[in-house]
Every structure is written in structure tokens, then in C-alpha cells.
> 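After the C-alpha cells below, expect a handful of questions from me.
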Amino acid sequence: MLTYFKKIFSQIRKKIYHYKDNHNYYGKFIGTLDYWKLFLWNILYFEKLFFMFKHNQIKFLNHLKVKRKLKKMKDCEFKERLNFLNNNGYLIIQDYLSKSQIDKILNDNDEIISKLKSNNKEISTYNRFRGVPLNENLVNLWLDEHIISLMETYLNTKIYSRMYPTLNYTQCNEESSSKKIHENPDSTPPKTASYWHVDYTTTMSVTVFLSDVGPNDTRMQVIPKTNLNLNSFFPISDETVEKKKAKIIDCIGKKGSLMIHCGNTVHRMKGVKASNRLGIHYMFSPGSNIALDVNLIASSLSKNYDLENLSKDRREIIKGLFPIKARQGYNIKGKDLVLNKFKGL
């Protein structure tokens with residue numbers, strides 16, 4: 001009975017938010033950049049707003065907090081990067097990694113990368129390898145203190161690793177659009193995020209370019225300053241973006257460049273036929289949506305990397321993905337696995 005009422009309620013509020021398809025809003029592409037439409041969405045879909053409050057991630061409030069922090073900062077490079085991230089919701093640091101660091105990542109994972117590149121598909125897709133085997137070079141990149149500090153200051157909270165380092169080979173066999181996807185429901189859609197959307201509001205993503213990405217290549221695009229919006233989880237049509245005359249930024253850089261973006265920033269993968277890209281990707285959050293996976297633990301540690309050699313701070317960041325050994329073990333409570341805090345055993 002409860003499931004039935006939830007379904008009815010879901011249908012009613014979707015109808016209130018979007019009653020009839022038109023040129024800009026159609027099918028699943030009913031997301032928006034319009035302030036008042038977003039305001040209505042957040043009233044109707046109040047659960048997301050509560051979730052953001054719970055994790056102190058109301059972005060325009062955090063934006064003001066960071067502004068105050070910036071006034072007291074003396075590190076010019078850190079201050080400049082944080083200010084840009086705070087204002088725009090993304091940041092690209094050109095040539096962040098040295099050639100030797102990049103070459104080591106490529107050499108350490110040459111077999112994995114070769115398999116990703118050979119896995120040809122007829123449609124555009126992400127060929128991914130999650131749980132890249134850890135070694136010192138990769139861990140230093142993944143848990144880079146400067147990058148972690150930027151994201152923690154931006155989110156105004158301590159962060160934890162949400163997902164295991166992932167090699168991603170983006171293969172583009174066709175160029176797409178929201179209208180094309182909508183008008184061809186029977187065709188197999190691209191397996192890439194080629195439409196405008198946001199990720200989990202509380203997350204931060206980091207991508208290291210392992211190949212050059214230019215303005216005419218397959219690349220990510222962002223709409224700056226949308227990180228401050230109370231965005232919906234519906235995809236946004238190309239027509240909505242065009243009507244808003246939104247500024248679109250190409251996320252490009254040489255091999256070794258590093259990109260950070262807030263999950264609440266509107267973005268997409270802009271595919272260019274026969275243009276592929278390689279990168280390593282990982283995500284962080286304030287402790288929400290941790291993608292714990294025992295198979296990926298095994299994959300990550302397949303080359304016998306010893307997590308106990310990590311500093312206390314680094315070990316704390318990844319404890320959601322690699323739970324810390326508990327002396328008294330864990331208790332099963334329904335569907336939950338809960339740390340046993342009783343010390344009298």
C-alpha cells in the first residue's frame with residue numbers, strides 16, 4: 001500500500017513540475033536552468049534539499065563561507081585556485097603532473113589500458129576499469145594533499161573517498177544531442193553522459209588527463225556558476241541551455257593536467273566522432289554515497305599494497321572504501337553492518 005501511494009505521489013508532483021512537453025522540455029529532458037522553475041522543483045522534491053542540509057551542502061551558503069576564508073589566506077596559488085573553484089564549480093590545473101609521473105601510471109597499467117582500448121563498441125561508451133591496483137605513485141596522486149585541501153575548503157567539511165581510482169577510456173563513435181536521444185527511443189542510446197546533467201550534489205570529482213584533450217576533441221563541457229544553483233536531478237535539453245544563452249566552457253588540457261568539478265555543476269561529455277580520450281578518475285564526498293565494493297577492494301590490493309603504511313590522515317580519507325579493522329568486530333542490524341562499540345566483551 002505504501003509503495004502504491006509513493007508511486008502516485010511521484011506521478012502527481014512530476015505533473016505539477018512538468019505538465020506538457022514543449023520545445024525546451026520533453027521526455028526525460030525536463031531539467032532547467034531557470035531560477036523559478038528550480039525553486040518549484042525544490043519545493044516538490046524536498047528530499048534532495050533535506051539531504052543537502054544534512055551534509056551542509058547548500059552551495060550558495062558555502063560560497064559565502066569560502067569568500068570569507070579567502071580574505072584571510074596568504075598562499076597566493078591556493079587562494080587563486082580556490083577562488084576560481086568557488087565561483088565556477090570547476091577548476092583545471094594545467095600540467096599538474098610531470099611527464100615521469102604520467103609515464104609511470106601508463107607503464108604500470110599498460111595491460112589494463114590496452115584491453116580498454118581494444119574493447120570497441122558500435123556506440124559511444126565509457127570503457128572503465130574500476131579498482132586500479134594501488135601503488136605508491138597512484139596513491140600519492142589519489143590522495144594529493146593540495147587537491148584534498150582545495151576540495152575540503154570548498155565544501156567546508158572533511159571529505160572521504162567515495163569511489164576507487166578508475167581508468168576511463170572514452171570511446172566516441174557518434175555525436176549526440178538531447179533531441180536525437182529523445183526522438184530515437186528504440187535505438188541504443190550512447191553509454192556516455194552526452195547530455196547536460198548534474199552528479200550527486202555532495203560529490204567532488206577529480207580527473208587526470210592521460211591524453212591530450214583539445215577544443216576539437218571529445219571533451220567534457222561545463223556551465224560555470226551553476227554550482228550555486230539548487231539543481232534538479234533531471235537531464236537538461238540542449239534547447240534549454242541555448243535559450244538561457246548559457247556560457248559553455250570546454251574542459252581541455254595537455255596530458256598531465258588535472259580537473260576538479262563539483263557534482264552540482266551542470267556538465268556533459270561533448271563527443272566528437274573518432275576522437276577518444278584516456279583519463280584516471282576518482283570522487284570524494286563528505287561521507288555520503290560511499291561506493292564500497294568487496295570486488296574492487298580485491299582489485300585495488302591485487303599487487304599487495306599495504307594500506308597500513310599510509311599516514312593517519314590518508315587512512316582516514318579512504319576508510320569508507322577500505323574499512324578499518326575493528327577489534328570488537330561488527331554487528332549485523334537488519335540490512336546494516338554496524339561497528340560494535342561495546343568494549344566489555
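In what follows, residues are counted from 1 in the order of the sequence shown. All values reported here derive from a predicted model rather than from experimental measurement. Basis for what follows: all heavy atoms, side chains included, without hydrogens, waters or symmetry-related copies.
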> Distance check, rounded to the nearest 0.5 Å: Arg277 atom CZ versus Asn168 atom CG?
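Interatomic distance, Arg277 CZ to Asn168 CG, rounded to 0.5 Å: 7.0 Å.
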
> Tell me if the centroids of the rings in Phe234 and Tyr25 come within less than 6.0 Å of each other.
no

> Side chains of His281 and Arg128: do they bring a donor and an acceptor to under 3.5 Å?
no

> Would you say the side chains of Tyr26 and Ser178 form a donor-acceptor pair under 3.5 Å?
yes

> One thing to verify: whether Lys243 and Asp238 come together as a salt bridge, which I'm taking to mean a side-chain N less than 4.0 angstrom from a carboxylate O.
no

> To the closest 0.5 Å, what do you measure between SG (Cys251) and CD1 (Ile92)?
4.5 Å

> Quick one: do the Lys270 and Ser194 side chains pair a donor with an acceptor below 3.5 Å?
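No, because no side-chain N or O of Lys270 sits under 3.5 Å from a partner of the opposite role on Ser194.
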
> Checking salt bridge (charged side-chain N to carboxylate O under 4.0 Å, His left out) for the pair Arg81/Glu77: CA distance, chi angles, key distance, verdict?
CA-CA 6 Å; Arg81 288 172 175 173; Glu77 184 180 62; 3.3 Å; yes

> Donor-acceptor pair, Ser124 side chain versus Cys172 backbone, under 3.5 Å?
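Checking the backbone N and O of Cys172 against the side chain of Ser124, no donor-acceptor pair under 3.5 Å is found.
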
> Test the Lys79-Phe84 pair against the cation-pi criterion, namely NZ or CZ under 6.0 angstrom from the six-membered ring centroid and within 45° of the ring axis.
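No, Lys79 and Phe84 do not form such a contact.
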
> If we ignore hydrogens and angles and just use 3.5 Å, is the side chain of Asn135 paired with the main-chain N or O of Asn137 as donor and acceptor?
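A pair under 3.5 Å: yes.
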
> Answer yes or no for Lys319 and Phe322: cation-pi contact, defined as NZ/CZ to six-membered ring centre under 6.0 Å and angle to ring axis within 45°.
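Judged by the rule (NZ or CZ under 6.0 Å from the ring centre, within 45° of its axis), Lys319 is not positioned above Phe322.
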
> Identify the two heavy atoms, one from Leu167 and one from Val132, that lie closest to each other, and give their separation to 0.1 Å.
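Here Leu167 and Val132 meet closest at N-CG2, 3.6 Å.
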
> Check for a donor-acceptor pair, side chain of Ser302 on one end and backbone N or O of Ser299 on the other, with a separation under 3.5 Å.
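At least one qualifying donor-acceptor pair exists.
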
> Taking Asp34 for its side chain and Trp36 for its backbone only, find out whether a donor-acceptor pair lies under 3.5 Å.
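Such a contact is found between Asp34 side chain and Trp36 backbone.
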
> For a quick check under 3.5 Å, do Gln57 and Lys59 share a side-chain donor-acceptor pair by atom type?
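Short answer, yes.
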
> Working to the nearest 0.5 angstrom, can you tell me the gap between Leu321 CG and Asp293 CG?
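Taking CG in Leu321 and CG in Asp293, the distance rounds to 9.5 Å.
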
> Is His63 reaching over with its side chain to a backbone N or O of Leu61, donor-acceptor style, under 3.5 angstrom?
no

> Check for a donor-acceptor pair, side chain of Ser300 on one end and backbone N or O of Pro133 on the other, with a separation under 3.5 Å.
no

> Answer yes or no: does atom OH of Tyr305 have more than 12 heavy-atom neighbours from other residues, nucleotides or ligands under 6.0 Å?
yes

> If you count the non-hydrogen atoms of other residues, nucleotides and ligands that lie under 6.0 Å from NZ in Lys179, is the total more than 12?
yes

> Would Lys37 and Tyr17 count as a cation-pi pair here, with the cationic atom under 6.0 angstrom from the ring centre and within 45° of the axis?
yes

> Would you say the side chains of His261 and Asp199 form a donor-acceptor pair under 3.5 Å?
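Yes, because at least one side-chain N or O of His261 sits under 3.5 Å from a partner of the opposite role on Asp199.
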
> Got a donor-acceptor contact below 3.5 angstrom from the Asp250 side chain to the Ile252 backbone?
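Here the side-chain-to-backbone pair does not exist.
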
> Got a donor-acceptor contact below 3.5 angstrom from the Thr240 side chain to the Asn24 backbone?
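Answer holds: yes.
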
> I'd like to know if Glu175 pairs up with Lys180 as an ion pair, taking the criterion as any Lys NZ or Arg NE/NH1/NH2 lying under 4.0 Å from an Asp or Glu carboxylate oxygen.
no

> More than 12 non-hydrogen atoms from neighbouring residues, nucleotides or ligands closer than 6.0 Å to CD1 on Ile332, yes or no?
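No - once you tally the heavy atoms of other residues, nucleotides and ligands closer than 6.0 Å, there are 12 at most.
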
> Does atom NZ of Lys247 have more than 12 heavy-atom neighbours, drawn from other residues, nucleotides or ligands, at distances under 6.0 Å?
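Counting neighbours around NZ of Lys247, 12 or fewer heavy atoms of other residues, nucleotides or ligands fall under 6.0 Å, so no.
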
> Once you round to the nearest 0.5 Å, how far does CZ of Arg219 lie from OG of Ser275?
8.5 Å

> Return the set of residues passing ring pair (Phe, Tyr, Trp, His ring centres under 6.0 Å) with Tyr154 (not counting sequence neighbours), or none when no residue passes.
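With neighbours one apart ignored, the set is empty.
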
> Please round to the nearest 0.5 Å and tell me the distance separating atom CG of Asn87 and atom CG of Leu228.
7.5 Å

> Verify whether one side chain among Asn156 and Asn56 offers a donor that lies under 3.5 Å from an acceptor in the other.
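No, no side-chain donor-acceptor pair sits under 3.5 Å.
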
> Side chains of Trp41 and Thr32: donor-acceptor distance under 3.5 Å anywhere?
no

> Is there a donor-acceptor contact under 3.5 Å linking the side chains of Asn119 and Tyr169?
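Their side chains do not contain a donor-acceptor pair, so the 3.5 Å distance test is not met.
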
> Testing the 3.5 Å rule here: is there a donor-acceptor pair between the side chains of Arg314 and Asn140?
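Result is yes, a qualifying pair exists.
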
> Donor-acceptor pair, Thr125 side chain versus Asn127 backbone, under 3.5 Å?
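Answer holds: no.
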
> Relative to each other, are the rings of Tyr35 and Phe39 parallel, tilted or perpendicular (30° and 60° limits)?
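Ring orientation of Tyr35 relative to Phe39: parallel.
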
> List the steps, then state whether side-chain hydrogen bond (donor to acceptor under 3.5 Å, both in side chains) holds for Thr202 with Ser288.
CA-CA 7 Å; Thr202 58; Ser288 55; 2.7 Å; yes

> Measuring centre to centre across the rings, with the benzene-like ring taken for any Trp, is Phe78 within less than 6.0 Å of His146?
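Yes, they do, as the ring centres are separated by less than 6.0 Å.
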
> Could you tell me whether the side chain of Arg268 reaches within less than 4.5 Å of the side chain of Val222, counting heavy atoms only?
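Sidechains of Arg268 and Val222: no contact.
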
> Hey, mind stepping through Glu239 and Lys245 against salt bridge (charged side-chain N to carboxylate O under 4.0 Å, His left out) and telling me if it holds?
CA-CA 10 Å; Glu239 291 78 10; Lys245 297 181 179 178; over 6 Å; no

> Under 3.5 Å, is there a donor-acceptor pair between the Glu111 and Ser114 side chains?
no

> So does Val213 get a backbone contact from the side chain of Asp217, meaning a donor-acceptor N/O pair under 3.5 Å?
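It does not hold such a pair.
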
